[in-house]
Amino acid sequence: SSTAAVGDAGIRITNITGFIDPMAVTSSFLTREADSSVVLPFAMTSAGFITPMITGLLSACSSGLILYVIGRSQQKLSTTYHRIMGLMSFFDIVASIFIALGTVMMPADSVFQFAGQMVGNQASCHAQGWLIIFGNIGVAAMNACLAWYFVCRIALKIDFVKIRNRIEPVMYIYTLILSLFAPSVLLTNGLLNSTPYESFCTIGPHAIDCPQGMEYDQWMSLCNMGEGADEVAYNRLFLILVFIYLIQFLLSCFYRFLN
């Protein structure tokens, strides 16, 4: 159901859902030398390489500033709020730094020709994707922890000591477990790769078994891209995030019930 037809405006690289179709994008790579009107995805352009580098560095610096402010404060890490913000900033720094590296860690022999330099290999690509997912899941989980910290304090009227001793440890434990588990599952299933729609290694299928010198219209029939694998992975991550909020809500309600 995807579209990869060449017209006056170049190659259409979207499917019927409106999202970028990696099959059609890959076809455009093989024909861009012959047709200068081909429209490449933003991630493969120079702007697509520079933009995440700038935003990633800004995000990492901002999170570093938060850690600096916490360290300079009188309370330091003695309060629940500061501990949650500190951990959230840590996870964000990890993800942001490796997003800022962009295409550098992608395999040098990748079938996708990005504007940025690619000097890595498949192992470095896996490492980049793993650390980005690790950081993003950690940020999402700690964001949920912060939300439910306010729920415990404002709505449930739980005092600081009980939050610190009974609720915080549970939050940190499952945050760490989910942050380690999610990217590890993706890595085990081969779903951390370079893709044409992101300028860094992330969730997506890996183009394998690709014969050399093929025509662009033979790509889908001769190459294995694991169609639909990235959508399945994103759905699993969404369910993990839903689970994060659900377990926090149940823990808070259960604790309120016991008291």
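Sequential numbering from 1 along the given sequence is applied to the chain's residues. Since the structure is predicted, the reported quantities are computational estimates derived from the model, not experimental observations.
- The distance from atom OG1 of Thr188 to atom NE2 of His126, rounded to the nearest 0.5 Å, is 10.5 Å.
- Under the 4.5 Å side-chain heavy-atom criterion for Ile, Leu, Val, Met, Phe, Trp and Tyr, Phe90 and Val69 are members of distinct hydrophobic clusters.
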Test side-chain contact (heavy atoms from CB on, under 4.5 Å) on Ile133 and Leu186 and set out the steps. CA-CA 9 Å; Ile133 300 301; Leu186 293 171; 4.1 Å; yes

Applying side-chain contact (heavy atoms from CB on, under 4.5 Å) to Trp148 and Ile167, what does each step give before you reach the verdict? CA-CA 10 Å; Trp148 283 107; Ile167 296 179; over 6 Å; no

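- Residues Cys145 and Tyr174 come closest through the heavy atom pair SG-OH, 4.5 Å.
- A distance-only check finds a donor-acceptor pair linking the side chain of Ser124 to the backbone of Asn121 [under 3.5 Å].
- Cluster membership for Leu65 and Ile97, using ILVMFWY side-chain heavy atoms within less than 4.5 angstrom, is not shared.
- Between the CE atom in Met142 and the CZ atom in Arg83 there is a gap of 10.0 Å [rounded to 0.5 Å].
- If you chain together ILVMFWY residues whose side-chain heavy atoms come under 4.5 Å of each other, Met53 ends up grouped with Phe49, Ile50, Ile54, Leu57, Leu58.
- Applying the 4.5 Å side-chain rule to ILVMFWY residues, one finds Val104 in the same cluster as Val119.
- Among pairs with a residue in residues 115-138, none fulfils salt bridge (charged side-chain N to carboxylate O under 4.0 Å, His left out), at least two apart in sequence or across chains.
- Residue Ile173 shares its hydrophobic cluster (ILVMFWY side chains chained together at separations under 4.5 Å) with Ile177.
- When all heavy atoms of Pro107 and Gln122 are compared, the closest pair comes out as CG-OE1, 3.5 Å.
- Among all heavy-atom pairs drawn from Leu178 and Pro183, the shortest one is O-CD, 4.1 Å.
- Using modelled atom types, one side-chain atom of Thr79 and one backbone atom of His82 make a donor-acceptor pair closer than 3.5 Å.
- No side-chain heavy atom of Met85 sits under 4.5 Å from any side-chain heavy atom of Leu67.
- Here Phe98 contributes atom CZ and Cys201 contributes atom SG; the two are 11.5 Å apart, rounded to the nearest 0.5 Å.
- Counting non-hydrogen atoms of other residues, nucleotides and ligands closer than 6.0 Å to CZ of Phe150 gives a total above 12.
- Results of the side-chain contact (heavy atoms from CB on, under 4.5 Å) test with Phe200 over Thr103, Leu101, Ile132 single out Ile132 as the only residue that passes.
- Considering every non-hydrogen atom in both Ala60 and Ile93, the closest pair reads O-CG1, 3.7 Å.
- Separation of atoms OG1 (Thr80) and CG (Leu146) is listed at 10.5 Å; rounding is to 0.5 Å.
- Here OG of Ser199 is found 6.5 Å from CE of Met106. Values are rounded to the nearest 0.5 Å.
- By the rule that hydrophobic residues join a cluster once side-chain heavy atoms approach within less than 4.5 Å of another member, Tyr68 and Leu87 end up as members of separate clusters.
- Remark: Asn189 CG to Ser184 OG distance equals 11.0 Å, nearest 0.5 Å.
- Legend: residues meeting ring pair (Phe, Tyr, Trp, His ring centres under 6.0 Å) with Phe91, ordered by chain and number and at least two apart, are Phe134.
- Residues Arg153 and Ile158 approach most closely at NH1-O, 2.6 Å, considering heavy atoms.
- Evaluation of the side-chain hydrogen bond (donor to acceptor under 3.5 Å, both in side chains) test over residues 55-66, restricted to residues two or more places apart or in two chains, returns Ser59-Asp92, Ser59-Ser96, Ser63-Asp92.
- Linking Ile, Leu, Val, Met, Phe, Trp and Tyr whenever their side-chain heavy atoms come within less than 4.5 Å puts Tyr172 and Phe160 in one cluster.
- The two residues Met88 and Val139 have their closest heavy-atom pair at O-CG2, 3.8 Å.
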